[in-house]
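First comes the structure, then the notes that go with it.
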Amino acid sequence: ERGKNVLLSIDVKGAMAVSRLYRERSVLIFIMPPTLDALKKRLESRKTDRADSIAHRLKIARQEIGYKDRYDYVIVNDSLDAAYKKLKEIVVSEL
């Protein structure tokens, strides 16, 4: 309402709520790993989570990926530079 844009980093539940409330004014971008195995390896390589926590995060990721078709754009984060470039292109084009 103040002419400002807002970027939210939220889970699927939050994104669906934003979409319901502000459909005409929102752009949903789903950022996903190239594969669940790649996500698992990324999480394990960080060495910040226990195995049960990683398993839980992978379960949630599987569920959330099921919502990707409800988003306006999907970016596969197989390369950070390429994913960032694509995200920037989307934001610039939507503005």
Side-chain angles (χ1 to χ4, degrees):
E1 293 173 359
R2 294 181 182 164
K4 300 196 183 252
N5 297 297
V6 179
L7 177 65
L8 304 172
S9 176
I10 54 179
D11 63 10
V12 167
K13 185 177 178 180
M16 295 300 102
V18 167
S19 180
R20 278 191 304 276
L21 293 171
Y22 303 104
R23 187 62 213 137
E24 297 301 317
R25 298 187 302 174
S26 65
V27 177
L28 302 180
I29 305 168
F30 191 92
I31 300 175
M32 63 182 285
T35 65
L36 287 173
D37 190 49
L39 175 59
K40 181 180 180 186
K41 288 177 183 174
R42 289 176 185 176
L43 294 171
E44 290 172 342
S45 71
R46 292 177 187 166
K47 299 183 193 267
T48 58
D49 294 305
R50 296 187 328 248
D52 60 333
S53 177
I54 291 172
H56 179 70
R57 290 182 68 179
L58 291 170
K59 179 182 175 184
I60 291 170
R62 273 187 213 91
Q63 293 170 345
E64 290 190 341
I65 288 170
Y67 284 81
K68 70 180 173 46
D69 293 337
R70 296 183 183 187
Y71 284 67
D72 301 302
Y73 298 93
V74 175
I75 297 174
V76 177
N77 185 11
D78 53 354
S79 158
L80 182 59
D81 290 337
Y84 172 76
K85 181 180 177 187
K86 182 66 177 169
L87 177 62
K88 186 176 177 181
E89 289 171 359
I90 292 168
V91 171
V92 169
S93 72
E94 289 290 339
L95 291 175

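Below, each value reflects all heavy atoms present in this structure, side chains not excepted, and no hydrogens, waters or symmetry copies. For the single chain, residues carry numbers from 1 onward in sequence order. Computed from a prediction, not measured in an experiment: that's the story for all the values here.
A continuous path of Ile, Leu, Val, Met, Phe, Trp and Tyr side chains, each step under 4.5 Å between heavy atoms, connects Met16 with Phe30, placing both in one hydrophobic cluster. Hydrophobic cluster membership is shared by Leu36 and Ile54, with clusters built from Ile, Leu, Val, Met, Phe, Trp and Tyr side chains linked at under 4.5 angstrom. Hydrophobic cluster membership differs between Val27 and Val18, with clusters built from Ile, Leu, Val, Met, Phe, Trp and Tyr side chains linked at under 4.5 angstrom. Note: the hydrophobic cluster containing Val74 also contains Val12 (ILVMFWY, side chain heavy atoms under 4.5 Å, direct or indirect links). Leu28 is connected to Met32 through a chain of hydrophobic side-chain contacts under 4.5 Å among Ile, Leu, Val, Met, Phe, Trp and Tyr, so both are in one cluster.
Within the 4.5 Å cutoff, no side-chain heavy atoms of Leu43 are placed close to those of Lys40. Between Val91 and Asn5 the shortest side-chain heavy-atom distance does not fall below 4.5 Å.
Using a cutoff of 4.0 Å between basic side-chain nitrogens and carboxylate oxygens, Lys13 and Asp11 are not scored as salt-bridged. Asp37 and Lys41 are joined by a salt bridge, as a carboxylate oxygen and a charged side-chain nitrogen come within less than 4.0 angstrom of each other.
Scanning all heavy atoms of the two residues, the minimum distance from Ser19 to Ser26 falls at CA-OG, 4.1 Å. Summarising the geometry of Val6 relative to Leu8, their closest heavy-atom pair is CG1-CD2, 3.6 Å, with the distance given to 0.1 Å. Of all heavy-atom pairs between Ile10 and Ala15, the closest is CD1-N, 3.4 Å. In plain terms, the two heavy atoms of Pro34 and Val76 that are nearest each other are CA-CG1, 3.5 Å.
Identified under the side-chain hydrogen bond (donor to acceptor under 3.5 Å, both in side chains) test for residues 64-76, with sequence neighbours left out: Arg23-Asp72, Tyr73-Glu94.
For the atom pair Asp81 CG and Lys86 NZ, the distance stands at 15.5 Å (nearest 0.5 Å). Interatomic distance, CG of Asn77 versus CG of Leu87, reported as 10.0 Å (0.5 Å rounding).
Counting heavy atoms of neighbouring residues, nucleotides and ligands inside a 6.0 Å radius, atom CG of Leu21 exceeds 12 of them.
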